[in-house]
*Asks:* 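Before I ask anything, here is the structure I am working with.
Chain letters run A, B, ... following the sequence lines, proteins first, then strands; residues in each count from 1. We use all heavy atoms of the structure for the numbers below, so side chains are in, but hydrogens, waters and symmetry mates are not. All values derive from a computational prediction rather than experimental measurement.
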There are 2 protein chains.
Amino acid sequence: MNDDAMDLRTRMRQTTREAISHAALRLAIEQGPNGLVLVRVQDIATAAGVSSRTYNNYFSSRAEAICAFQADQSKRAGDALSSRPADEPLDEALIAAMVELYTDPEPDRAGLRMIMSTPELEGEALKAFSMAEGPLAEAIAARTGIDPGYDLFPAVTAAAVAGAVRVAGRHWLEAGDSGSFAAILRSALSCVVPAAPLQAPKISDRAAN
Amino acid sequence: MNDDAMDLRTRMRQTTREAISHAALRLAIEQGPNGLVLVRVQDIATAAGVSSRTYNNYFSSRAEAICAFQADQSKRAGDALSSRPADEPLDEALIAAMVELYTDPEPDRAGLRMIMSTPELEGEALKAFSMAEGPLAEAIAARTGIDPGYDLFPAVTAAAVAGAVRVAGRHWLEAGDSGSFAAILRSALSCVVPAAPLQAPKISDRAAN
DNA sequence: TCTCAAATTGCGTGCTGCGCACCATGTGCG
DNA sequence: CGCACATGGTGCGCAGCACGCAATTTGAGA
């Protein structure tokens with residue numbers, strides 16, 4: 001997980017990936033609304049300092065490149081939950097973990113708006129947020145001791161949390177000045193996580209099979 | 001909503017749309033795993049009895065065509081909930097509506113597997129399921145009297161429900177013979193909807209802001 | 001019947017995704 | 001220290017796709 005622990009080659013690869021995705025998002029934003037269609041692959045590659053062929057070795061579509069940051073962030077959702085104290089109730093741990101993860105840098109309004117409000121990017125944006133579901137479901141299963149093969153609770157909760165994060169983001173973009181993203185995120189998450197703790201005591205029943 | 005109530009032109013258009021999407025999904029399934037890349041736009045158009053140009057008038061990508069049925073079904077989620085008795089509690093109404101909607105024809109295993117288990121279709125599949133969120137959120141807001149502009153509850157719940165449906169579908173595909181889709185769907189939905197009724201009484205508090 | 005709007009189609013174009021072969025640069029071994 | 005290998009970057013080229021445009025056909029309404 002730590003860059004310093006990796007090979008030089010691996011680090012370079014990571015750097016290149018970030019350079020490309022960063023350039024892609026930046027260029028799209030600079031072109032203003034409807035900027036996606038104007039940004040050509042060649043532009044992104046040039047801005048990132050690589051050939052257009054190399055760009056394609058990392059991403060198979062502009063949408064994927066632009067949403068890469070959001071996707072990478074979501075992938076860390078499992079770790080974010082796992083790093084919470086084990087004795088913390090699931091609902092509190094989930095909220096704390098998500099707030100910590102998604103407000104590490106306070107999200108960039110322009111970037112998030114580009115990702116979430118561009119029709120052509122809709123599918124990729126959903127994909128980016130749903131990247132959190134797998135790791136998150138595993139972390140929830142590990143924390144509660146529920147076997148995800150027999151009980152849908154971990155996967156469903158993970159999906160609900162990911163959905164709440166997405167809704168919070170959209171709301172934060174629309175009613176911009178109404179508060180910090182952290183506050184909105186908490187409020188969104190509290191709509192779905194309260195159901196969670198009720199399940200926890202049933203571990204013995206659930207894990208029995 | 002009823003075909004008979006529409007113009008002849010509108011009906012024809014609907015028929016063409018279904019013919020194309022049906023042909024797209026069928027051809028992809030026939031090609032077996034990895035069938036997506038093998039199916040050309042020309043094949044789909046020919047199978048549907050239209051020109052490839054007309055195909056593009058209806059869909060802007062193969063993925064969109066293949067997932068059209070799923071998307072159309074999801075769009076009816078709001079109506080499904082609205083048509084439940086007004087005095088039915090939200091959680092029961094939600095479960096009943098979703099079960100009714102998504103098991104009207106018992107889903108086709110091959111089709112659902114194609115949509116949900118093909119990486120290239122992942123974004124479009126998520127889009128298809130998330131189509132339910134908007135209408136569903138409106139229906140929830142109308143039923144509970146909550147103003148979606150000030151309270152995230154309708155949108156978050158809608159996203160959670162849509163996510164639960166998706167997870168249920170995936171689980172139904174994997175552990176195929178474990179039960180009917182309706183049963184799995186109920187079990188998935190009960191992981192997220194119980195939180196709902198608790199919110200209803202707080203309308204005055206929430207709407208105050 | 002006549003006129004208008006909507007839908008289908010063929011054609012042409014620019015871009016994209018990707019396979020292939022070649023080259024450059026880290027990496028590990030004797 | 002030097003050498004062979006593996007990994008990743010690059011240039012080239014192709015097939016397919018999305019879409020704008022303009023002509024034609026067909027349903028809708030007066």
*Asks:* Are A:R62 and A:Y55 in a cation-pi contact, defined as NZ or CZ under 6.0 Å from the six-membered ring centre and within 45° of the axis?
*Replies:* no
*Asks:* Looking at the side chain of A:T54, which of D:dG16, C:dT9, D:dG9 is the nearest nucleotide?
*Replies:* D:dG9
*Asks:* Please tell me which of A:S52 and B:R62 maps to the more 5' nucleotide of DNA chain D, matching each residue to the nucleotide holding its nearest heavy atom.
*Replies:* A:S52
*Asks:* Taking CG from B:L38 and C1' from C:dC18, how many angstroms apart are they, rounded to a whole number?
*Replies:* 15 Å
*Asks:* Give the nucleotide from the list C:dT8, D:dC17, C:dT16 with an atom nearest to the side chain of B:V41.
*Replies:* D:dC17
*Asks:* If I take atom CD1 in residue A:I44 and atom C1' in nucleotide C:dC15, what distance separates them, rounded to the nearest angstrom?
*Replies:* 12 Å
*Asks:* Whole angstrom is fine here: how far is it from CG in A:D43 over to C1' in C:dC15?
*Replies:* 12 Å
*Asks:* Kindly say if B:Y58 contacts the phosphate of C:dT8, meaning a side-chain N or O under 4.0 Å from OP1 or OP2.
*Replies:* yes
*Asks:* If an axis is fit to five pairs at each end of the helix from C:dT1-D:dA30 to C:dG30-D:dC1, what is the angle between the two, to the nearest 10°?
*Replies:* 30°
*Asks:* Atom CZ of B:R17 to atom P of C:dT8: distance rounded to whole Å?
*Replies:* 12 Å
*Asks:* Tell me whether A:R40 is salt-bridged to A:D43, with the criterion being a basic N under 4.0 Å from an acidic carboxylate O.
*Replies:* no
*Asks:* Measuring only between side-chain heavy atoms, which start at C-beta, is A:E122 closer than 4.5 Å to B:L126?
*Replies:* no
*Asks:* Rounded off to whole Å, could you give me the CZ-to-C1' distance for the B:R40 and D:dA18 pair?
*Replies:* 15 Å
*Asks:* Please enumerate all residues that pass salt bridge (Lys or Arg N to Asp or Glu O under 4.0 Å) together with A:R113, with sequence neighbours excluded.
*Replies:* none
*Asks:* Quick one: what's the B/S/- string for nucleotides 19-30 of chain D, heavy-atom cutoff under 4.0 Å, read 5' to 3'?
*Replies:* BBB-----BS--
*Asks:* Taking the side chain of B:R13 as heavy atoms from C-beta outward, which of D:dC17, C:dC15, C:dA7 is closest to it?
*Replies:* C:dA7
*Asks:* In this structure, how many angstroms lie between the P atom of C:dT16 and the CD atom of A:E120, rounded?
*Replies:* 13 Å
*Asks:* Does B:E133 come within less than 4.0 Å of A:R166, counting only side-chain N to carboxylate O?
*Replies:* yes
*Asks:* Within this structure, what is the CD-to-P distance between A:Q14 and D:dG9, rounded to whole angstrom?
*Replies:* 12 Å
*Asks:* Please check if atom CZ in A:R26 has more than 12 non-hydrogen atoms from other residues, nucleotides or ligands closer than 6.0 Å.
*Replies:* yes
*Asks:* If only side-chain N and O atoms count, and only distance matters, is there a donor-acceptor pair under 3.5 Å linking B:S21 with B:Y58?
*Replies:* no
*Asks:* Do the side-chain N and O atoms of B:T10 and B:Q14 include a donor-acceptor pair separated by under 3.5 angstrom?
*Replies:* no
*Asks:* Would A:R109 and A:F181 count as a cation-pi pair here, with the cationic atom under 6.0 angstrom from the ring centre and within 45° of the axis?
*Replies:* no
*Asks:* Quickly work out the A:E64 CD to C:dG17 P distance and round it to whole Å.
*Replies:* 9 Å
